[in-house]
S.K.: 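What follows is a single structure, and I will ask about it in a moment.
Ligands are counted one by one from 1 in listed order, and the atoms in each one are counted from 1 as well. Bear in mind the structure is a predicted one, so any value in this text is a computation, not a measurement.
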Amino acid sequence: MKTKDIPEEATFHSYNNSAGGWGSVKALASSLMHEHVVGSGTRVLMKQNKPDGFACVSCSWAKPSDPHLFEFCENGARATAWEITDRRATPELFAQHTVSDMLSWNDLELEATGRLTHPMRYDAGSDRYVPVSWQEAFDDIGARLRDMDPKRVVFYASGRASLETSYMYQLMARMFGTNNLPDSSNMCHESTSVALPKSIGVPVGTVGLEDFEKTDCILFFGHNTGTNAPRMLHPLEEVRKRGVPVITFNPLRERGLVSFVNPQSALEMLTPARTAISSQYVQIKIGGDTAAVIGMAKHLLALDDAAQAARRPRILDVDFIKQHTAGFPQFEAVVRSTGWDDIELHSGVTRAELEAAAATYAGANAAMLMYGMGVTQHREAVRTIGMLANLLLMRGNIGKPGAGICPIRGHSNVQGQRTVGITEKPELVPNDRLRELYHFEPPMDKGLNTVEVCEQVQQGNISAFFMLGGNFVRAIPDHDQVEPAWREIPLTVQVVTKLNRSVIVHGKCSYLLPCLGRIEIDRQASGAQAVSIEDSTGCMHGSRGMVDPASEHLLSEAAIVAEVAKRILPPNPQVDWDAWVADYGRVRDAIEATWPDIFRDFNRRMWKPGGFSRPLAARERKWKTPNQLANFIVPAGLDPDPDMPADAPGVLRLMTVRGDSQFNTTVYGLDDRFRGVFGTRRVLLMNRADMDTLGLVPGTMAAAETVSDDGVQRRVARLRLEPFDIPVGCVMGYFPELNPLVPLFHHAKESKVPAAKSIPVRIVAEAVVV
Ligand SMILES: Nc1nc2c(c(=O)[nH]1)N[C@H]1C(S)=C(S)[C@@H](COP(=O)(O)OP(=O)(O)OC[C@H]3O[C@@H](n4cnc5c(=O)[nH]c(N)nc54)[C@H](O)[C@@H]3O)O[C@H]1N2
Ligand SMILES: Nc1nc2c(c(=O)[nH]1)N[C@H]1C(S)=C(S)[C@@H](COP(=O)(O)OP(=O)(O)OC[C@H]3O[C@@H](n4cnc5c(=O)[nH]c(N)nc54)[C@H](O)[C@@H]3O)O[C@H]1N2
Ligand SMILES: [Mo]
C-alpha cells in the first residue's frame with residue numbers, strides 16, 4: 001500500500017458507478033487482506049451489529065432488530081479490520097525511532113504501525129517512549145494530578161468509549177473537582193445539542209428506524225452518507241423503492257446519495273439494478289442552508305395563501321402551530337419580507353429548485369429531515385438547525401410516525417457519552433443525584449469545551465490533559481498555532497489503541513496507555529464483560545468483544561479510569577472502583593440509579609434486539625422548553641458567515657471533509673473512490689470557472705491561505721488543484737490535512753463547534769506540473 005502522499009503522482013477520474021455494489025465487496029476484501037485477517041476477520045464481521053455481537057466501532061447509525069446477514073458496510077468492515085489487525089507497535093518500534101523522527105510521519109504512517117502493546121513513558125533524555133509498568137505509570141500520573149489544581153486539568157473523551165467507562169470517567173473528573181470534560185461532540189454535533197433544546201426541548205434526534213417505514217418524504221442536508229454512515233443507505237433504499245421522494249441539499253453530488261447498489265442483494269449485484277437515492281438534488285453553495293430553507297418556507301407560505309384563497313385544505317398544519325408552538329408570526333414575518341434575490345444569492349440555487357422542493361415537501365403527510373457536518377460546522381450552525389426545525393414545525397412534522405429530525409451523529413457512542421454525563425456544562429448533569437449517591441459536592445462552575453481548552457493551552461493555563469481515546473491535537477482547528485503551546489503542558493496522558501499525532505506532540509511528561517478495543521474480549525474478575533453504547537437514534541445496545549486482545553499487556557478503558565481514580569480521589573465508601581471493574585453490570589446499576597427514566601432495567605434491556613430507546617419527550621409532543629412549547633426561531637439574516645468576507649474577489653469558501661478511506665484522523669489509504677481522487681489527500685477541488693477567473697490550470701500546485709484579520713498567517717502548501725462539480729465560489733479539501741487553515745476563533749456562535757466547513761481562503765499558485 002502506498003503511504004507517502006505525493007500529489008504530483010495522483011490520478012483523477014470521475015466515478016460514475018453507484019455506491020455499494022462490487023466496488024464495495026472488493027474494497028472489503030482488500031481491507032481484510034491488508035490487515036492480514038482474512039479468515040478471522042470474516043468470522044468477526046458476521047457478528048458485527050448483531051443483537052448478540054458487537055457494536056461497530058465506526059459510525060453511530062442505528063442497529064436494526066432484524067439485521068441483514070451482513071449487517072456491516074465496507075467502511076465498518078475496514079474499521080474492524082483496522083482494530084483486529086495483526087500489526088503491532090511494540091517497544092522495539094519506539095526503541096528504533098526518536099519521537100522527533102516520527103514527527104515527519106503522516107497520519108497513515110503513524111497508525112499503520114499497528115496496535116500499541118505496552119504502556120510507555122516519554123523519556124526526554126533519549127527523545128523516545130520507553131516501556132513502563134502499569135503500576136509505575138498509574139502511581140506517577142496519580143501523584144502529579146494530585147498536586148494540580150483540578151480546574152487546570154482536562155479530561156477529554158473522543159466518543160468511542162462505552163457508556164460504562166464514560167460514566168466512570170465523568171464521575172472521576174467531577175469528584176476530582178472539575179467539569180473540564182470536553183468531548184469530540186464539541187467539534188461535531190454540539191450545534192445540535194445547543195439548537196434543538198431551544199426549538200423542541202430535546203438535545204438529540206427524534207427519528208427511529210421504524211419511521212423510515214412510514215415516512216412520505218425525506219429532506220437530507222450536509223451529510224456524505226455513502227462514506228460516513230453507509231448502512232443508512234439500506235433504509236433509504238427501502239424508502240425509495242416505495243416511491244418516497246428524497247431531496248438532498250449538498251454542494252457536492254455525493255455518490256451514495258445519487259445511486260446505490262445493495263451489495264447484499266444478489267439480484268442487484270448481478271443486474272446491477274441501481275436505486276436512485278435522491279429524487280431531487282439541490283447543489284447549494286457552502287453555507288447556503290439557511291437561505292435554502294427560508295426559500296422553501298416562503299414557498300410553503302405562498303402555497304398556503306393559495307390554498308386558503310381557493311378554500312382547499314391548508315398547507316401549514318395550523319392546528320399544530322396553534323396548539324404546540326410559539327413564535328410563528330415573527331418567523332412568518334421575516335420569511336415574507338425576505339426577497340428571492342437574497343435567497344438565491346446566499347443559497348446559490350434558483351427559486352424554481354427551491355419551489356420544487358417545497359412543493360414536494362408540502363405534498364407529504366409525514367416528512368423526516370436528516371443532517372450532518374455540512375450543517376453543524378459553520379459559524380451560523382445553530383441558526384441553521386433552528387431553521388431546519390422550523391421547516392418541520394410548519395407542517396407538524398415532529399412527534400408523529402414517519403416524521404422528525406435526525407442529526408446523524410459521528411462516533412459510535414458520542415451521543416451516549418453525553419447522555420451519561422460527559423459534558424463541560426454542569427446544568428446538563430443530575431448533580432443532586434450524584435450528590436445523593438456518592439456523598440460529594442459536584443463542581444458547579446462551567447468546564448472547558450474543545451475550543452476553550454485550546455485557548456487555555458495557548459495561555460499556559462493547563463497543567464494536564466488526559467485523553468480517553470481520539471487524536472485531539474490533530475482533530476482541533478489551528479493546530480499549527482496550538483502545537484507549540486501543547487508541548488509546554490506539564491502532563492499529557494493518551495489512552496489509545498494506535499499511535500497518532502497526539503502521542504508524538506506531547507506534554508513535558510507524557511504517558512501512552514494502550515487499551516483494549518471494543519471488539520476484544522474484556523476479561524475481568526467476574527468473567528468476560530459486555531459494554532453498551534447509544535446509537536444516533538437514541539437506542540442503547542449491548543456489545544460483546546469476541547477476539548483475543550492485541551497484547552496481553554492491554555487494560556480495558558474502564559480499568560485504566562478506575563486505577564487513575566483510585567489514586568487521585570480520597571477513599572469514598574460509596575464508590576468501589578474495583579467492584580465496578582470486576583463487573584460492569586454494577587456500573588450499569590449505577591447509571592440506572594443516576595438516570596432511572598432513561599436506563600430502567602438496563603442490564604436486561606441492553607440485549608433487546610434493535611436496542612431499547614430512551615424516552616424522548618418531543619416524540620410525544622411534550623416540549624421540555626422553558627415555555628413548554630415548540631419554538632419557531634427567528635433568523636437574523638441569511639449570510640452564512642457575516643464576519644468573514646468570503647464573497648470578496650479572489651476569496652473562496654473552503655469545506656474540509658472526510659474522504660472514503662479514513663475514519664476522522666485515522667487515514668487508511670490515499671484514495672477517495674467515490675469522488676474519483678486517487679493517490680493523494682493533498683488536493684483542492686474547485687469549480688472550473690473559478691480556476692479560469694483566477695488563472696489557475698488543473699494540476700497546478702498551490703497553497704491555500706486563510707483570509708483573516710488577526711495578523712496570523714495560516715497556510716497549507718503543496719496542494720494540487722483539480723476541477724470538480726462544485727458550486728462557484730466553493731472549494732473542497734480534506735480534514736485533517738487542512739486543519740491549520742481553520743482559525744480557533746472561527747467557530748459556531750453559541751456552540752463553539754469549529755467552523756470547518758466555511759473557511760474563507762485564497763489560492764496561490766506555486767508551480768505548474770508539466
Ligand atoms: N467511514 C467513516 N465514517 C464516519 C467518519 C469517518 O471519518 N469515516 N466519521 C464519523 C464522524 S465523527 C462524523 S461527525 C460523521 C461525519 O459525517 P459527515 O457529516 O458526512 O461529514 P463530512 O465528511 O465532513 O461531510 C460533510 C458533508 O456535508 C457537505 N457540506 C459541506 N458544507 C455544506 C453546507 O454548507 N451545506 C450542506 N447542505 N452541505 C454541506 C459535504 O459536501 C459533505 O457531503 O461520520 C462518522 N462516520
Ligand atoms: N477540519 C475539520 N476538523 C474536524 C472535523 C472536520 O470535519 N473538519 N471533524 C471533527 C469531528 S466531527 C470529530 S468527531 C473530531 C474527531 O476527533 P477525535 O475523536 O479526537 O479523533 P479520531 O480521529 O476519531 O481518533 C482516532 C484515534 O482514536 C484512538 N482509538 C481508536 N479506537 C479506540 C478505542 O476503542 N479506545 C481508545 N481509547 N482509543 C481509540 C486511536 O488511537 C486513533 O488514533 O474531529 C473534528 N475535526
Ligand atoms: Mo464527529
S.K.: Nearest to atom 30 (N) of ligand 2, what protein heavy atom do you find, and at what distance?
M.R.: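 Ranked first by proximity to atom 30 (N) of ligand 2 is Thr497 OG1, 3.3 Å.
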
S.K.: Which of the atoms in ligand 2, numbered in the order shown and given with their element, are less than 4.0 Å from a heavy-atom of Tyr156?
M.R.: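 By the 4.0 Å cutoff, the relevant atoms are 17 (O), 18 (P), 19 (O), 20 (O).
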
S.K.: How far is atom 26 (C) of ligand 1 from its nearest protein heavy atom, and which residue and atom is that?
M.R.: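 Atom 26 (C) of ligand 1 sits closest to the protein heavy atom Lys757 CE, 3.7 Å.
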
S.K.: Please state which protein non-hydrogen atom is closest to atom 44 (O) of ligand 2 and give its distance, to 0.1 Å?
M.R.: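 Result for atom 44 (O) of ligand 2: Glu111 OE2, 2.6 Å.
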
S.K.: Taking 4.0 angstrom as the limit and counting only heavy atoms of Ser184, give me the atoms of ligand 2 inside it, by number and element.
M.R.: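 Near Ser184, the atoms of ligand 2 are 14 (S), 19 (O).
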
S.K.: Just need the protein heavy atom nearest to atom 36 (N) of ligand 1, so name the residue and atom and give the distance.
M.R.: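 In this structure, atom 36 (N) of ligand 1 has Asp289 OD1, 2.7 Å as its nearest protein heavy atom.
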
S.K.: Taking only heavy atoms of Cys188 into account, list the atoms of ligand 2 that are under 4.0 Å away from them.
M.R.: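 Near Cys188, the atoms of ligand 2 are 12 (S).
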
S.K.: Can you sort out which atoms of ligand 2 are near Glu557, meaning under 4.0 Å from one of its heavy atoms?
M.R.: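 Those of ligand 2 that fall under 4.0 Å from Glu557 are 34 (C), 36 (N), 37 (C), 38 (N).
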
S.K.: For ligand 2, which is the ligand I care about here, please tell me if Glu83 has any N or O atom under 3.5 Å from one of the ligand's N or O atoms.
M.R.: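 Checking ligand 2 against Glu83, no N or O pair falls under 3.5 Å apart.
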
S.K.: Need the ligand 2 atom indices (1-based, order shown) with element for anything under 4.0 Å from a heavy-atom of Lys498.
M.R.: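 With Lys498 as reference, the close atoms of ligand 2 come out as 41 (C), 42 (O).
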
S.K.: Please say whether Lys285 places an N or O atom under 3.5 Å from an N or O atom belonging to ligand 1.
M.R.: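 By distance alone, the answer is no.
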
S.K.: Heavy atoms only: which of Ser185, Gly470, Pro477 is nearest to atom 25 (O) of ligand 2?
M.R.: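 Residue with the shortest heavy-atom distance to the ligand atom: Gly470.
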
